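Below you'll find the structure, written out as structure tokens, and then a few comments.
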Amino acid sequence: RPVLWQEPTDRALERRETREFVRRAIEQLPESYRAVLLLRDIEDVSTEETAELMGITPNAAKIRLHRARRRLQSALEAGCAFSHDERDALVCEPKP
């Protein structure tokens with residue numbers, strides 16, 4: 001049986017913690033920002049379709065997405081000290 005590469009436990013834990021921190025930060029966004037961010041950046045829905053689904057103009061969807069990304073970035077910077085591990089993966093070390 002060939003030996004398959006397996007991520008070391010500490011790295012897997014760091015990646016899981018980083019994903020969880022990002023998920024919680026997204027959940028803390030106001031609903032209209034969270035919705036546009038999830039549709040555009042996670043589900044990869046077009047701006048026009050996002051606008052239609054949300055009942056807003058495409059320009060309003062772009063503005064909300066920009067504001068959502070800025071809020072998310074601020075929340076992540078406030079709660080994480082980001083670094084790169086030896087594989088160049090982004091890792092979040094929670095700030096006290």
Side-chain angles (χ1 to χ4, degrees):
R1 214 173 182 193
V3 176
L4 299 176
W5 181 84
Q6 197 170 26
E7 185 175 45
T9 305
D10 58 337
R11 258 191 265 156
L13 181 60
E14 286 175 344
R15 289 171 50 91
R16 195 171 322 123
E17 288 173 345
T18 299
R19 279 193 308 270
E20 181 61 24
F21 186 82
V22 171
R23 186 190 61 74
R24 284 192 314 264
I26 290 171
E27 286 177 354
Q28 296 301 312
L29 292 172
E31 175 59 33
S32 64
Y33 289 176
R34 183 172 57 248
V36 74
L37 184 82
L38 291 174
L39 287 168
R40 291 288 293 125
D41 290 348
I42 305 300
E43 299 297 327
D44 200 28
V45 175
S46 72
T47 300
E48 291 73 20
E49 191 175 358
T50 296
E52 186 176 321
L53 289 168
M54 295 183 69
I56 58 178
T57 66
N59 195 46
K62 290 177 186 178
I63 291 167
R64 281 190 196 175
L65 179 60
H66 176 74
R67 290 177 181 167
R69 287 174 176 163
R70 283 184 41 203
R71 281 208 186 179
L72 179 59
Q73 179 181 5
S74 294
L76 294 176
E77 287 173 350
C80 270
F82 285 102
S83 62
H84 290 269
D85 67 12
E86 61 278 355
R87 293 183 58 222
D88 204 30
L90 192 60
V91 177
C92 166
E93 289 293 326
K95 291 180 181 176

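This one's a predicted model, so the numbers in the text were calculated from it and none came from an experiment.
- For residues 22-31, the salt bridge (Lys or Arg N to Asp or Glu O under 4.0 Å) pairs, not counting sequence neighbours, are E20-R23, E20-R24, R23-E27, E31-R34.
- E52 meets the side chain to side chain contact (heavy atoms under 4.5 Å, CB included) test with no other residue; sequence neighbours excluded.
- Clustering of Ile, Leu, Val, Met, Phe, Trp and Tyr by side-chain heavy atoms under 4.5 Å joins L65 with F21, V22, I26, L29, Y33, V36, L37, L38, L39, I42, V45, L53, M54, I56, L72, L76, F82, L90.
- Listed by chain and number, the residues in a side chain to side chain donor-acceptor pair (under 3.5 Å) with R64 amount to none (sequence neighbours excluded).
- Residue pairs meeting the disulfide bond (SG atoms under 2.5 Å apart) criterion with at least one member in residues 20-96, sequence neighbours excluded, are C80-C92.
- By the side chain to side chain contact (heavy atoms under 4.5 Å, CB included) test, R70 pairs with H66, sequence neighbours left out.
- Under the side chain to side chain contact (heavy atoms under 4.5 Å, CB included) criterion, D88 pairs with H84, not counting sequence neighbours.
- Checked by atom type and distance alone, the side chain of K95 pairs as donor or acceptor with a backbone atom of E77 at under 3.5 Å.
- Here S46 pairs with E48, E49 under the side chain to side chain contact (heavy atoms under 4.5 Å, CB included) rule; sequence neighbours left out.
- For residues 23-58, no pair satisfies disulfide bond (SG atoms under 2.5 Å apart), with sequence neighbours left out.
- Partners of E43 under the side chain to side chain donor-acceptor pair (under 3.5 Å) rule, at least two apart in sequence or in another chain, do not exist in this structure.
- Counting only residues at least two apart or in different chains, disulfide bond (SG atoms under 2.5 Å apart) contacts with residues 25-55 are absent.
- For residues 27-66, no residue pair satisfies the disulfide bond (SG atoms under 2.5 Å apart) rule, not counting sequence neighbours.
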